[in-house]
Amino acid sequence: MTDLRSRLGEAVSAAFEEAGLDPKWARVTVSDRPDLADFQCNGALIAAKARKASGSDIAADIAERLRANPCVAAVDVAGPGFINLRVSESALGGRANALAGDERAGARKIVQPRKVLIDYAGPNVAKEMHVGHLRASIIGEAVKRIYRFAGDEVLGDAHFGDWGFQMGLLIVACADADPAIASLLEDLVAEPPGFTAADEQAIDADLSARIALDDLDRLYPAAAAKAKADDDYRERARRATAELQAGRFGHRLIWRHFAQVTRAALERDFHALGVDFDLWRGESDVDPLIEPMVAELREKKLLIEDQGAQIVRVARSDDRREIPPLLVVSSEGSAMYGTTDLATILDRQRFFNPDLVLYVVDQRQADHFEIVFRAAYLAGYAKPGALEHVGFGTMNGADGKPFKTREGGVLKLRDLIDMAREKAAMRLQEAGLGVELSPEEFESTALAVAVAALKFADLINFRGTSYVFDLDRFSSFEGKTGPYLLYQAVRMKSLLRKAAAERVTAGRIAVREPAERDLVLLLDAFDHALGEAYDKRAPNLVADHAFRLAQSFARFYAACPVLAAPDEATRASRLGLAALTLKQLELALGLLGITTPERM
RNA sequence: GACCCCGUAGCUCAACCGGAUAGAGCAUCCGCCUUCUAAGCGGACGGUUGCAGGUUCGAGUCCUGCCGGGGUCGCCA
């Protein structure tokens, strides 16, 4: 099950070797000049440089050795030494049939599976998700799926922010807002004797009635602002934090309620976006590791005192820039966020021992991760090179600055999805689909279209660059958009349904028309696109492949009638091609976390 | 101030260890539905790849300087 490109690459490698040239130059790429060739190799030019020989002579020699290859219909040399290859119809047909018979549509698995942990989204207690979480969620989910599909053992961890000073702040804010909570905190210093599961449930139920996510979301920003201005208030919050960390019973109960309420709401929101985590390990889970870890760092002589704080120096003599140390314990004696990150690395080593950990986090945290990773390597908490920050740019508004609502606030993710869904519903209605679909199917289709619009718009861009958010453009059904891709998939499904009704069955694929050739060449390129996406942690390469596939299908669809094809063999062949395209397109979209509806 | 990223068509973005004529989508204009979903397809228009040097047979890609935008620079996460 090898793609044509690698098969040709091997042939060209062999030819280079026969000619006494280094086969590493024999890289075959998709042709830049589709009018001249399907594939090309520029290796003769590089060899010419090293050999101080003529590129076209070398190319001619190589070309001669390739002529007998059954995959090759034509090989010629152009310009200073480009080797142009055209693939034979039989090779294309053979490849298409192999793909049709492969449930992975040509995607190979990696040879040596690894254990990979993907850290993404990073939701926090008491905070509703906003647009800032969108990219991390979408990109992280896609990376996770791509890695898992490639054959790695993958865990996606939400890395729940459920610990620290913010928790104390929330406890104080809730106590001030509700006397019943204040007295609960006051009374329950430790677990009362005879305290049963039923008692606990009663308290939980009471808390549920008093505090919902909306309340937390409202209380937290106010409390944070107050703490900045009010020293006494800050001190109270600090004390509450310490009491929570010391295990005071009432504090633990209410904190656990915060986490539960938040998590339930978040899981629902994530799920609506097609984002699901394997793990919800919280910062609280690694808190017990911090004290022994600090002691160990001290023992290993990595921890030193500086300006009253405990730090680990991670700068190296060959650094081109100044790398600040990792601040492990502040001068006030508290753990910093880098400390938690380091403890999390240690935790992960213990329970999973990953070969690779990918942090799908905002690009702006690059320096922070560099420092934490260096400290982790020094401490032996991760395999060398196993930690990697997969950074991404910001989602900007029309003004080029990070996205804000018209009022200048942060847009909640749920509101964003609602907006997108309303827009999709409107578009569907304009097309008169409201009458054909049942209300349930209409709603689910609108949601699918909305999610596809948002996700595809994000994933089509390379993650590292920032992009401009424009809902109108994203939800358009024309052009490089999620809805366009869904539309093509839906057309394929409709065609297959109709074929089944007419008792037309898919058969052996034969490649004749130019549109069929182009489509098969693209189907062949799936494996390479996935490989590149995997290596570069770049889902946009999968998105781009999906778009080109959909587009190529649309051309095929316009140029090559399927059910009205002249003979039975052609009908069967084209139907097979359509079925294969749908399979690969759905696989690709699935990796991006986009599901296709049956009709739209 | 130091360091990092970015600057490509009117707009949003691509461009596979340096390769041929820098590609898509949108917008604009012109064609194509009695035929499988026209939410489609075909075509046209559109570029001194921020500026100036350098390396190379060849540079959007590598090097140097400059201009412009964004970001980061130990006790918040």
Side-chain angles (χ1 to χ4, degrees), chain A residues 24-25 27 29-33 35-36 40 42 45-46 48-49 55 78-82 84 122 124 161 164-166 224 228 283 306-311 319-334 336-338 340-341 362-368 371 391 393-394 396 400-402 427-428 430-431 433 449 457 460-462 464-468 470 473-474 476-481 483-484 486-488 490-499 502 504 528-529 532 536 540-541 544 547-548 551 554-555 557-559 561-565 574-575 578 599-600:
Chain A
K24 78 178 178 199
W25 294 321
R27 205 165 59 101
T29 59
V30 170
S31 178
D32 293 333
R33 296 285 304 272
D35 53 321
L36 299 179
Q40 64 180 331
N42 301 336
L45 292 164
I46 304 163
K49 191 182 218 164
F82 299 103
N84 285 331
N124 292 306
F165 180 67
Q166 340 146 39
K228 259 190 187 154
E283 292 175 345
D306 188 76
Q307 297 170 35
Q310 309 285 316
I311 62 168
D319 284 337
R320 295 172 65 106
R321 62 201 166 94
E322 199 176 330
I323 306 286
L326 177 72
L327 191 54
V328 180
V329 183
S330 77
S331 49
E332 288 184 356
S334 52
M336 300 285 96
Y337 72 117
T340 310
D341 285 347
D362 194 318
Q363 192 64 51
R364 287 175 290 200
Q365 309 242 9
D367 287 353
H368 166 69
I371 293 164
T394 54
N396 296 336
K401 292 185 177 149
R427 292 256 158 84
L428 287 170
E430 279 167 12
L433 279 162
V449 170
I460 190 65
N461 298 307
F462 176 68
T465 55
S466 299
Y467 72 101
V468 176
D470 180 348
R473 187 159 60 80
F474 298 169
S476 166
F477 287 72
E478 291 164 27
K480 227 171 192 174
T481 65
Y484 171 86
L486 294 191
Y487 175 64
Q488 297 307 336
V490 163
R491 275 170 126 191
M492 295 175 206
K493 290 187 182 186
S494 171
L495 177 61
L496 296 181
R497 270 197 306 270
K498 189 154 275 190
E502 294 182 15
V504 179
H528 185 256
E532 292 286 302
K536 295 178 179 164
N540 64 303
L541 297 173
D544 192 57
F547 172 71
R548 296 212 314 233
Q551 195 181 40
R555 293 192 181 119
Y557 187 84
V562 177
L563 300 176
R574 289 180 181 170
L575 190 61
R599 61 196 93 224
M600 59 187 272

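Note that the coordinates shown come from a computational prediction; the quantities given were computed from them, not determined experimentally. Only heavy atoms go into these numbers, but all of them, side chains included; no hydrogens, no water, no symmetry mates. Order of the sequence lines fixes the chain letters, A, B, ..., with proteins taken first and strands second; residue numbering starts at 1 for each chain.
When rounded to the nearest whole Å, the span between OH of A:Y484 and C1' of B:A38 equals 12 Å.
Using a 4.0 Å heavy-atom criterion, one finds that A:N84 contacts the bases of the nucleic acid, with or without backbone contacts as well. In this structure, A:F165 reaches neither bases nor backbone, as no heavy-atom distance under 4.0 Å exists between it and the strands shown. Here A:A78 lies in heavy-atom contact (under 4.0 Å) with a base. Using a 4.0 Å heavy-atom distance criterion, A:V468 is classed as a sugar-phosphate-only contact. Contact annotation for A:S466: backbone-only contact, meaning every heavy-atom pair under 4.0 Å involves sugar-phosphate atoms and none involves a base. Heavy atoms of A:L36 sit under 4.0 angstrom from at least one base atom. Here A:V30 lies in heavy-atom contact (under 4.0 Å) with a base. Residue A:D32 is classed as a base contact, given a heavy-atom separation below 4.0 Å to a base. Among the atoms of the strands shown, base atoms are found under 4.0 Å from some heavy atom of A:Q40.
Distances from the side chain of A:Q307 to the nucleotides B:C36, B:C75, B:A20 place B:C75 closest. Distances were taken from every side-chain heavy atom of A:N461 (C-beta onward) to each of B:C13, B:A39, B:G74; the shortest belongs to B:C13. Relative to the side chain of A:T465, the nucleotides B:A14, B:C36, B:G19 differ in distance, and B:A14 lies closest. Among the nucleotides B:A77, B:C17, B:G19, the one closest to the side chain of A:F82 is B:G19. Taking every side-chain heavy atom of A:K49 into account, B:U56 is the closest of B:A20, B:U56, B:U37. Distances were taken from every side-chain heavy atom of A:R364 (C-beta onward) to each of B:U72, B:A39, B:C13; the shortest belongs to B:U72. In this structure, of B:G40, B:A14, B:C36, it is B:G40 that holds the atom nearest to the side chain of A:Y487. Distance from the side chain of A:E478 is smallest for B:A39 among the nucleotides B:C16, B:C41, B:A39. Side-chain proximity of A:L563 to the nucleotides B:C16, B:U37, B:C36 is greatest for B:C36.
The shortest distance between the side-chain N/O atoms of A:R491 and the OP1/OP2 oxygens of B:A38 is below 4.0 Å. Within the structure, a side-chain polar atom (N or O) of A:Q551 is placed less than 4.0 Å from OP1 or OP2 of B:G25. Of the side-chain N and O atoms in A:K498, one or more sit less than 4.0 angstrom from OP1 or OP2 of B:U37. For the pair A:R27 and B:C17, the criterion of a side-chain N or O lying under 4.0 Å from OP1 or OP2 is met.
B:C73: Watson-Crick or G-U partner is B:G1, with both key distances under 3.5 Å. The partner of B:U8, taking Watson-Crick or G-U wobble pairs whose two distances both stay under 3.5 Å, does not exist in any strand shown. Searching all strands for a Watson-Crick or G-U wobble partner of B:U48 with both distances below 3.5 Å returns nothing. With a cut-off of 3.5 Å on both Watson-Crick or G-U wobble distances, the partner of B:G42 is given as B:C30. Here B:A20 sits opposite no nucleotide as a Watson-Crick or G-U wobble pair (both hydrogen-bonding atom distances under 3.5 Å). Base pairing analysis places B:G58 opposite nothing; no Watson-Crick or G-U wobble pair with both distances below 3.5 Å involves it.
Nucleotide B:C63 carries an anti base; the chi torsion (O4'-C1'-N9-C4 or O4'-C1'-N1-C2) is more than 90° from 0.
Under 3.5 Å, the side chain of A:D35 and the base of B:A20 form no donor-acceptor pair of N or O atoms. Under 3.5 Å, the side chain of A:T29 and the base of B:C16 form no donor-acceptor pair of N or O atoms. The base of B:G74 sits with one of its N or O atoms less than 3.5 Å from a complementary donor or acceptor on the side chain of A:D306. No hydrogens or angles were tested; on distance alone, a donor-acceptor pair under 3.5 Å links the side chain of A:Y337 to the base of B:A77. No N or O donor and acceptor, one from the side chain of A:Q488 and one from the base of B:G40, sit under 3.5 Å apart.
Nucleotides B:A22 and B:U34 are separated by 44 Å at their C1' atoms, to the nearest Å. With P as the reference atom, B:G70 and B:A24 are 33 Å apart, rounded to whole Å. B:G25 and B:G65 have their P atoms separated by 39 Å, with the value rounded to a whole Å. Taking atom P in both B:C17 and B:C13, the straight-line distance is 23 Å, to the nearest Å. Between B:U35 and B:U48, the two P atoms lie 45 Å apart (nearest whole Å). Rounded to whole Å, the C1' atom of B:G18 lies 31 Å from the corresponding atom of B:U72. A distance of about 39 Å separates the C1' atoms of B:C45 and B:C4, rounded to the whole Å. Across the C1' atoms, B:C16 and B:C29 are found 35 Å apart, a figure rounded to whole Å.
By the 5.5 Å and 30° criteria, A:F547 is not stacked with the base of B:A24.
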